[in-house]
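Take a look at the structure set out below.
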Amino acid sequence: MELGSYSDQSKSTFSLADEDHTLANAVRFTLNQDPRVTFCGYSIPHPSDNRVNIRVQTTGDPAREVLKDACQDLMLMCQHVRSTFDKSVNDFKMSKTVKDMDIK
């Protein structure tokens, strides 16, 4: 859910349900890498509430678009990490012979 003003779309707070510090901190990090972002932060209203509020202020671009771009960038980063990890595991498995592996 977006909480912001209709007159100034460069400042908005987004409330994400069923999320916690894991996603919020990753999105905050990605948003802070974007030169269009002047401020970004998040808060969790209450520890027992699975909700995260992410505040985004930009240099003029719509905050919704900047957040969407940051989420897409984060997905690309995660895909890169996953593919790098999978490749390393595969390379490790291929470098070991059956005798070297401790299979029981």
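Taking every heavy atom of both residues into account, Thr58 and Ala63 meet most closely at CG2-CA, 4.1 Å. The shortest non-hydrogen separation linking Leu74 to Ala26 is CD2-CB, 3.8 Å. The minimum heavy-atom distance linking Val37 with Leu31 is given by the pair CG2-O, 3.3 Å. In this structure, Ala24 and Tyr42 approach most closely via the heavy-atom pair CB-CD1, 3.4 Å.
Using a cut-off of 4.0 Å between Lys/Arg side-chain N and Asp/Glu carboxylate O, Asp69 and Arg36 are scored as salt-bridged.
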- [ ] Apply the test side chain to side chain contact (heavy atoms under 4.5 Å, CB included) to residues Gln72 and Leu76: give CA-CA distance (whole Å), side-chain angles for both, the deciding distance (0.1 Å), then the verdict.
- [x] CA-CA 6 Å; Gln72 289 173 342; Leu76 290 173; 5.7 Å; no
- [ ] Apply the test side chain to side chain contact (heavy atoms under 4.5 Å, CB included) to residues Phe14 and Leu67: give CA-CA distance (whole Å), side-chain angles for both, the deciding distance (0.1 Å), then the verdict.
- [x] CA-CA 9 Å; Phe14 302 91; Leu67 178 64; 3.5 Å; yes
Task: Verdict with reasoning, Val52 to Leu23, per side chain to side chain contact (heavy atoms under 4.5 Å, CB included) - done: CA-CA 9 Å; Val52 172; Leu23 178 69; over 6 Å; no
- [ ] Determine, step by step, whether Asn53 and Ser15 satisfy the side chain to side chain contact (heavy atoms under 4.5 Å, CB included) criterion, reporting the C-alpha distance in whole Å, the side-chain angles of both residues, the deciding distance to 0.1 Å, and the verdict.
- [x] CA-CA 4 Å; Asn53 296 325; Ser15 186; 3.1 Å; yes
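Side-chain contact check for Arg51 versus Ile44: every heavy-atom pair is 4.5 Å or farther apart. Proximity of Lys11 to Arg55: side-chain heavy atoms (C-beta onward) are separated by under 4.5 Å at one or more points.
If you take CG on Asp73 and SG on Cys78, they are separated by 11.0 Å, rounding to the nearest 0.5 Å. If you take CG on Asp20 and CG on Asn50, they are separated by 7.0 Å, rounding to the nearest 0.5 Å. Atom CG in Asp86 sits 9.0 Å away from atom OG1 in Thr84 (nearest 0.5 Å).
Side chain of Ser10 to backbone of Gln57: no donor-acceptor contact under 3.5 angstrom is found. At distances below 3.5 Å, not a single donor-acceptor pair connects side-chain atoms of Ser43 with backbone N or O atoms of Pro45. Looking at Asn32, its side chain does come within 3.5 Å of a backbone N or O of Arg28 through a donor-acceptor pair.
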